[in-house]
Amino acid sequence: MMKRHLSKLPHLRTGFGNFNSFLCSCFETGSTNGDAKGLLHQQMRMNGTCCAKLPEELPKDNMLIDSFGRQHTYLRISLTERCNLRCQYCMPAEGVSLTPGPKILSQNELVRLANLFVSSGVDKIRLTGGEPTVRKDIEDICLHLSNLKGLKTLAITTNGITLARKLPKLKECGLSAVNISLDTLVPAKFEFLTRRKGHERVMDSINAAIDLGYNPVKVNCVVMRGFNDDEICNFVELTREKPINIRFIEFMPFDGNVWNVKKLVPYAEMLDRVAKHFTGLKRLQDHPTDTAKNFRIDDHLGTVSFITSMTEHFCAGCNRLRLLADGNFKVCLFGPSEVSLRDPLRQGADDHELREIIGSAVKRKKASHAGMFDIAKTANRPMIHIGG
């Protein structure tokens, strides 16, 4: 059977439409006209994040249960701060200071810490960066992590630049889920946003993941008014004949990314655009810990999701923790608080002492983030340091 590749997309209008207004920062937040009101009411009824329940299976200990009863079963590990792109929403134009190599967690340190989390109830690990595929020992890391007893899912979030050639071996080493970041279907806009070339290689990586049987292949798209909001329906079109889950992400503030509320395209507006263009859009039942609001369109093989961190946060169902490349432990993406696990580990702390540090940090996790305007004024690291 002849393979259908994503570079050949009929009937897509991916011109520069509003691109010039993005360059000039002349943004105006549009209003939602209510055509998707029924879908919004439906999703509000089905949204479980406001009253998330703990998993029925009892945790192995209470190290990962916070003071609000949230059991944390998902650990995101940043393998490196280095990246082969320079995305504008991730890294300031002047670049960032990188942690010296000796202060980055070694493979053995990373696996030891990961084992502490998995033995306490974490069943999903996602590898992030920087760009995780630039780390030379990523295959060995995947092999060791995938063999941790109790781990069900080993995932990666990647920009896809080198993924196509590395993915077959990574799959052999136990990588079970793939997210690929892609914010535009227009190569010239890709080069502007990332300050690098490589659009075709990202498309090749999406196809490679599909060909290797990953289902779904998740594609993350940060939506920014005046830059790529005119491509929303073109991205949705990718789901028609491919097992792709398009995930539209509200633009979020981090140090150095010049966040502006006028660039934010709210979930309600994105949903309205999709509902107008595609018939048979149906809300799916989400797990209480899902970060995304998920939809299926009649006769589409893939699905569409919206990550609404700014306009409808999902903090009540949050089950995620972050281990940064420098060994700092972060309990909230948007919170500035961090605690080092690297330093006590290198000073000879045993597993019990490390568990005490982790458990204390988890117990201090707040009920929710501060809201997008307060987040924008709060000192935090650039996304490339935190990990996507």
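We use all heavy atoms of the structure for the numbers below, so side chains are in, but hydrogens, waters and symmetry mates are not. This structure is a prediction, so every number in the text was calculated from the model and none was measured.
Of the candidates Glu109, Arg135, Arg342, Ile104 forms a side chain to side chain contact (heavy atoms under 4.5 Å, CB included) with just one, namely Arg135. Of the options Leu154, Thr80, Thr158, a side chain to side chain contact (heavy atoms under 4.5 Å, CB included) to Leu127 is made by Leu154 and by none of the others.
Salt bridge status for Glu269 with Arg225: present, with a side-chain N to carboxylate O gap under 4.0 Å. The residues Lys189 and Asp183 are annotated as not salt-bridged, no charged nitrogen and carboxylate oxygen being separated by less than 4.0 angstrom. Remark: Arg283 engages Asp286 in a salt bridge, criterion side-chain N to carboxylate O under 4.0 Å. For Lys366 and Asp66, the salt-bridge test fails: no basic side-chain N is under 4.0 Å from an acidic carboxylate O.
In terms of heavy-atom proximity, Ser120 sits nearest to Leu64 at O-CD1, 3.8 Å.
With hydrogens and angles left out, the side-chain atoms of Asn328 and Arg322 include no donor and acceptor closer than 3.5 Å. Side-chain contact of Ser309 with Glu250: a donor-acceptor pair under 3.5 Å is absent, judged by distance alone. There is a side-chain donor-acceptor pair under 3.5 Å between His144 and Gln107. Side-chain atoms of Ser337 and Arg364 form no donor-acceptor pair, as typed in the model, at a separation below 3.5 Å. Using a 3.5 Å distance cut-off with no hydrogens or angles, the side chains of Thr308 and Lys293 do pair a donor with an acceptor. Residues Ser119 and Arg355 bring a donor and an acceptor atom of their side chains to less than 3.5 Å of each other. Looking at Thr184 and Asn228, their side chains never bring a donor and an acceptor atom within 3.5 Å of each other.
Tyr267 and Phe248 have their aromatic ring centers separated by at least 6.0 angstrom. For Phe117 and His72, the gap between ring centers reaches or exceeds 6.0 Å.
Transitive grouping of hydrophobic side chains (ILVMFWY, heavy atoms separated by less than 4.5 Å) brings Ile141 and Leu167 into a common cluster. Transitive grouping of hydrophobic side chains (ILVMFWY, heavy atoms separated by less than 4.5 Å) brings Leu341 and Leu148 into a common cluster. Val331 is connected to Val339 through a chain of hydrophobic side-chain contacts under 4.5 Å among Ile, Leu, Val, Met, Phe, Trp and Tyr, so both are in one cluster. Connection of Ile297 to Phe295 is established within a shared hydrophobic cluster, with ILVMFWY side chains joined at heavy-atom distances below 4.5 Å, either directly or through further cluster members.
Between the Arg240 side chain and the His300 main chain, no donor and acceptor come within less than 3.5 Å of each other. At distances below 3.5 Å, not a single donor-acceptor pair connects side-chain atoms of Lys218 with backbone N or O atoms of Asn245. Looking only at distances, no side-chain donor or acceptor of Lys365 sits under 3.5 Å from a matching main-chain atom of Cys332.
Taking the six-membered ring where tryptophan is involved, the planes of Phe192 and Phe227 are tilted, since the angle between them lies from 30° to 60°.
Residue Asn115 holds its CG atom at 7.5 Å from CG of Asp351, rounded to the nearest 0.5 Å.
With contacts defined as side-chain heavy-atom distances shorter than 4.5 Å, the pair Leu170/Glu139 qualifies.
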